[in-house]
Structure formats: C-alpha cells, structure tokens
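The block underneath contains the structure these notes are about, expressed in structure tokens.
Proteins come first, then strands; the chains are lettered A, B, ... in the order of their sequence lines, and each starts at number 1.
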Number of protein chains: 2
Amino acid sequence: MARVRLQDVAALAGVSMKTVSNVVHGHPVVRAETRERVQRAIDQLGYRPHLQARNLVTGRTGLLALAFPTLLNPYFAELAHVFSAAAAERGYRLLLEETGGHSDSERQILSGREAGMVDGVLFHPMRLTSVEIAQAAGDLPLVLLGEEPAPISNDHVMIDNLAAAAEAVAHLLALGRRRIGFLGHEAGELSHTSRTRLLGYQQGLEAGRLRLDTSLLVRAETGDAAGAERALSAALNDGLQIDALICRHDLVAIGALRALAAHGLTVPGDVAIIGWDDITVAAELRPSLTSVQPDLPALARRALDLLAERIDDYSGVGRHELVGHRLAVRESAPAS
Amino acid sequence: MARVRLQDVAALAGVSMKTVSNVVHGHPVVRAETRERVQRAIDQLGYRPHLQARNLVTGRTGLLALAFPTLLNPYFAELAHVFSAAAAERGYRLLLEETGGHSDSERQILSGREAGMVDGVLFHPMRLTSVEIAQAAGDLPLVLLGEEPAPISNDHVMIDNLAAAAEAVAHLLALGRRRIGFLGHEAGELSHTSRTRLLGYQQGLEAGRLRLDTSLLVRAETGDAAGAERALSAALNDGLQIDALICRHDLVAIGALRALAAHGLTVPGDVAIIGWDDITVAAELRPSLTSVQPDLPALARRALDLLAERIDDYSGVGRHELVGHRLAVRESAPAS
DNA sequence: CTGAAAGCGCTTACAG
DNA sequence: CTGAAAGCGCTTACAG
C-alpha cells in the first residue's frame, strides 16, 4: 500500500494542496463546506502528514536528544521520565542517548551526528571536561545537566550539591553522629560529581568543627550497589569505625545497607545513612532511606526553557542555574 | 551561521553533488585525489549531512519507537536499556514513548502519529485488547511485547509467564511451603499480565496437588511498592496466614518485604518470597530477591529481528514467539 | 569515474 | 478564501 500524500487528498477533494494543508493545520480561513469535503477525503484515504517532509521545510523536528550515562541507574531513568513528560507538554519528544559514561560516546553526542534529526540536546556528561565540551559543541542548541563543569559559553542547570552535602552532614551532626563516612566515589579518577559532593561533605564537617578524616572515605570500584557493598565490607573488615555514612548516590546506599547488616550493624541505630537522588525505591527500603532529593520537575522545566531559547537562536553567554533540592528525611537518618 | 549543504561542499571542491555524496558514503568509486579534495572541503566547512533530508529520499529514518507504560518501573527502564543497545547494533535509535498504561495513549501509539518519523514500533501494551490493537494498527511495522493478548495478524514476543509462575510455585513447594499467596494484581480490572501469572500460579498449585485458596490472593490499589505494602499489611491485619508469597513484580516484592517486617515476619524464615522481572536492585535487597528473570537480550534480539522483517515489507501472518526465562534463586526463597 | 536533473512530501511566500 | 510555483537538502536513476 503506497503512501497517501497531500496531493492525493487534494486531487480527491478537488482542491489545491494549499487548501488541504490549511485544513490539516486547522487554519480557520477555509470555508466550512470546503473543509468538510477535504476532511472526508482525508478520512477516506486515511491520510497522515509525513512528518519528515514537514520538518524538512520547517527546519524543526520536534525531537530533542536526552543524553545521559545509563538507564540502569534508576536516577537517570526517573530523570528521563520527568524530562519526557515536561518535553511532551511543550510538544517535544525525546530521543534516548545512553553514553555509558564513556568519553567517546559523550563526544559523539556533541559531534553533530544528529544534525537535522533533533532540534536540540539535553546532555548530562560524566567524563568530558568543560574544555572538551566547549570544543566539541558546535552551534548545536545544547543545555548541560549535572555537576560536571560547564563551559561558560553553554547553559547549565543543576542542584547545589555542595550545599546539599553540607546539609546532609549537618543533619547527621544534629543526630549526634561524629564519625561520618563517605562511600562510593570512584576508585580511579574522581568524577566531578564525586568531587563536588566530597567537597560539600568536607564543608559540612568543618561547619560542625570536625576535621576531615580521610580514613572515613571509602571508594568503590564500581558505581552500583554491589560495588559499594564490597567496598564497605572490606573497609569494615579492615576496622573502619563509623556512626554515619553519606552515600554518593542511592544505589551505593542500598549496597551499604547489605554490608552493614552483614557486619551486624543496625541502621540507623549503629550507623545512620543518607543517600543521594531519592530514587523511588528509596522510600520503600528497610529502613527507608533519607536522601537528597533534587527538584526534578524544576530541573526539567528550566533546562527546557533554556533550550527553547537556544533553539530560538539565543546565542548569548551561557546561563548557569541552580534548582532546588531538599533532604527527604526517613528512617535511615531520622529527624533529631 | 547558516547550514552548510552538500551543494556548498561541491562548489568549494569544484565537483558535483553526486561526487560529494559518494565521498560521504564512502563509495569506493571516487578517485583518491578527488576524494581528498572533497574531504578537505567537508572539514573546512564543517559539513554534516542533514539527516531529515536524506531520510525523506530513502524513506527510512533509522528511528524506532519503543512504547511502554513507564520508566518509573525499573523493569521497563532496564528493558529500554537492553533494547537501546540492541537497536544501536543494528543502526537504529529509539524514540521513547511512555503510555502511562492509559488506553488513550496506547491508541495514539498505533494511530500513525509518527508517520514518517519512525521506521517501526515496538509496543508493550497494558490496556488495549487484541481487537483494538488489530483495528488501530494500520500497515505500520509493529512488534508487540509483553503478556497482553496479541492479534494473530501481528508479531509478538514474550516469555512464558504461565510456565514461569508454575515454576515459581514449584520452587516454593519444594521448600515445603503450603500456604502460598499471590500479591499485587490489580484491585480493579485485571491486566492480562496479572491474569496470566495468576493462571500459572494456579497451575503450579494444582501440579503440587494443592487447591487454589482465593483468600491467599491479595490485590493492590496501585502497582508500586507502597501500594503492595499497604495491601499486604491490611491483609495480615485481617489475619492472612501465609508461608510464601509470589509477587506480581519486583516492586511489589519490595513493598511486601516492608509489610512482613512490620508484622514481625522474617523472610525467608516465616515467609518465602519470589518476585518477577529480576530488576537490578533485586539482587541487592535484604534479603536478596528470588525473581523470575526474563531473557531480555533474547527478547530484544527477536523483537528487533521480526521488526526488521516487517520494515522489509514482510506482511505475512503474525509470528508469536517465546523467549527464555529462569528463576534467579536468591535469599528470599533459597534453593531447597 | 563524474555530472545534470528529477523527485522525496511537505510548507511558504506570492498572486489572485 | 484558494491556487501555482518554488524550495527545504538530500539521493537516485540516467547519461556520458
């Protein structure tokens, strides 16, 4: 069955293509009688506008690329969900791009590989430096997400992880905890995310007149729950003494829960735990997880606003914005 | 900065558009010297092929829609991840479509709204009946996923949920459990997924010479962990006596873990638990979750194969295929 | 090995 | 209120 074209509808209805186009777009200029005739032809033929052709003319596709490390991390899955909904409200659809956190894949995102397929790109980098991003990003409408350093020329939206980390520490101090560890930063080169959260952790300690004790820092070989569990188990075997733990993200906290239980430590009795991202399951774990909750809807809204301006040819200096966060307080580190 | 077109490159290199096109596509016919000259022009101008334009001519976009209920359920997030990787291997990219499990959104998927934007659709329905699917699906290349009934005219790939449920029951029987409950099917109209899994559950009981006891069936108002927790808590308060529990999916099992703990019941000591989908966190819970693990890579491979054939104009009768599954045995229902 | 022309299906000025 | 023409940026036969 060959494609039904605008032209076929026009021929059947006995009008020009322009008139059919007017009906399809609901332009009110068409006489009621004509409109009806055209609509009948559309229905009869089962005509659907060919989006690619329309886009070629308008120069817009209604598609946005959303690039991030992996859907396997529930945080990014939930981020994608929120962005997908916010994008839909503005008439945009999302093209998924999992980078795996590899710099090659990240570079490809900016390479213009999508030229003509997407109107803009939302990109949560993990590895690329701001210099690399600035170099690779052409005149592609782009908004950066997350804690990686963003070049001044590009727009960037994130939560204040420095403050969030410090608040997490303050929360634990208020609970009377003094030996507060940090779990889950990379064993190899630190991601900027880890760096920022660790810095905030240090600030929080200093604000509480505690000294940073690097022996309370537990790196993990992998960023998932299993890696965190192994790392913390090994550290506990080596005599690590903690009464609280800040986890780089919730998956790490899930691994920590297992490691602590295996060592006979209760949460929050022996060790209070705070996670990061507040993924949906966090509230359903035993104990439920206290976690830094980014304001994802606000993040999506601002990022999409900025991207819309870029698509509308805004080419000024990069805007660097913060959106809100709060500590979702639950059983693993209750209110004092 | 205006777009650089094939024509601009041709002009700069002093060749025809056809020759540039040959170079871009790596056709070996071009003389080395010419190729080099063209390549220089491409680099100098920063030319990127405009995909939309190419697609309009070739009639292919390299885009596939993947439609499913929601990314908020880790199972679908992981499904999307696996499909994304498998699609990438074949040169396809995925357009995300969250239906929310609403029949309106599901109908839209099949309405041809994407006409010209995607080459085909992978669709995991939740609400639409096979009749509705058959009616709504035009000549769109389509492969159905999941347990919903599929019209004979369409291709369909799923795991054998009936067998899986029966195996889960057999596993629990082998552990000596006799009061095996089922948790998490819809309080309102049953989804076909729930229906199939319940049926397999019943088969498993009968194979073990146990009678179905409907008082061991616990419906939930919502499909998330919190809904399952509330439902099971209420049932336990009402005197429900069980020594094992099959959960409609892993999120339900997570909720069950909390409800059981709150009632002082241990897992697997008092109650053994089996979940479904084997989402990544299942292995990291306390206790780690025994769960039905679908062979997702095989699912993606087969679905993509079938879709590729549909895109290649195969228009025969629908293929209905099963891919493998196994019971991932962990702490919540250990091996006997 | 290379070029000139037609065409993918639509929209956008421009006339009328 | 409606029509005829040009053009979006590419690829595909068809010549040479």
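- Between B:H50 and D:dC8, a side-chain N or O to OP1/OP2 separation shorter than 4.0 Å is absent.
- Between the side chains of A:E98 and B:H81, at least one donor N or O sits under 3.5 Å from an acceptor N or O.
- The separation between A:L56 atom CG and C:dG7 atom P is 17 Å, rounded to whole Å.
- Nearest to the side chain of A:R54, among C:dG9, C:dT11, C:dT2, sits C:dT11.
- Close to C:dG3, at under 4.0 Å from its OP1 or OP2, lies a side-chain N or O of B:T19.
- Taking atom CE of B:M17 as the reference point, atom C1' of D:dA13 lies 15 Å away to the nearest angstrom.
- Listed candidates were D:dG9, D:dT11, D:dT2. Nearest to the side chain of B:A53 is D:dG9.
- Note: CD (B:Q7) to P (C:dA4) measures 12 Å, nearest angstrom.
- Closest to the B:N22 side chain, of the nucleotides D:dT2, C:dG3, C:dT2, is C:dT2.
- Distances shown here put a side-chain N or O of A:R31 below 4.0 Å from the OP1 or OP2 atom of D:dT2.
- Defined by atom type and a distance below 3.5 Å, a donor-acceptor pair is missing between the side-chain atoms of B:Q108 and B:D104.
- Two residues, A:V24 and B:G14, neighbour DNA chain C, and the one matched to the more 5' nucleotide by heavy-atom proximity is B:G14.
- Atom NE2 in A:H25 sits about 7 Å away from atom P in C:dT12, given to the nearest Å.
- Between A:S21 and C:dT12, a side-chain N or O to OP1/OP2 separation shorter than 4.0 Å is absent.
- You'll find that the side chain of A:K18 is closest to D:dG3, out of C:dC10, C:dG9, D:dG3.
- For B:D119 and B:T61, the side-chain atoms include at least one donor-acceptor pair closer than 3.5 Å.
- Dashed line: the shortest gap from a side-chain N or O of A:T34 to OP1 or OP2 of D:dT2 is under 4.0 Å.
- Distance A:L51 CG to C:dC8 P: 18 Å, rounded to the nearest Å.
- Note that CD1 of A:I279 is 11.5 Å distant from OH of A:Y75, once rounded to the nearest 0.5 Å.
- Going from atom CZ of A:R5 over to atom P of C:dG7 covers 11 Å, rounded to whole Å.
- Atom C1' of nucleotide C:dC8 and atom CZ of B:R60 are separated by 14 Å, given to the nearest angstrom.
- Straight-line distance from the CG atom of B:D119 to the P atom of C:dC8: 18 Å, rounded to whole Å.
- Look at D:dC14: its Watson-Crick or wobble partner, with both distances under 3.5 angstrom, is C:dG3.
- Listed nucleotides C:dC10, C:dC8, D:dG3 differ in distance to A:V57; the shortest reach to its side chain belongs to C:dC10.
- In this structure, B:I152 places its CD1 atom where only 12 or fewer heavy-atom neighbours from other residues, nucleotides or ligands lie under 6.0 Å away.
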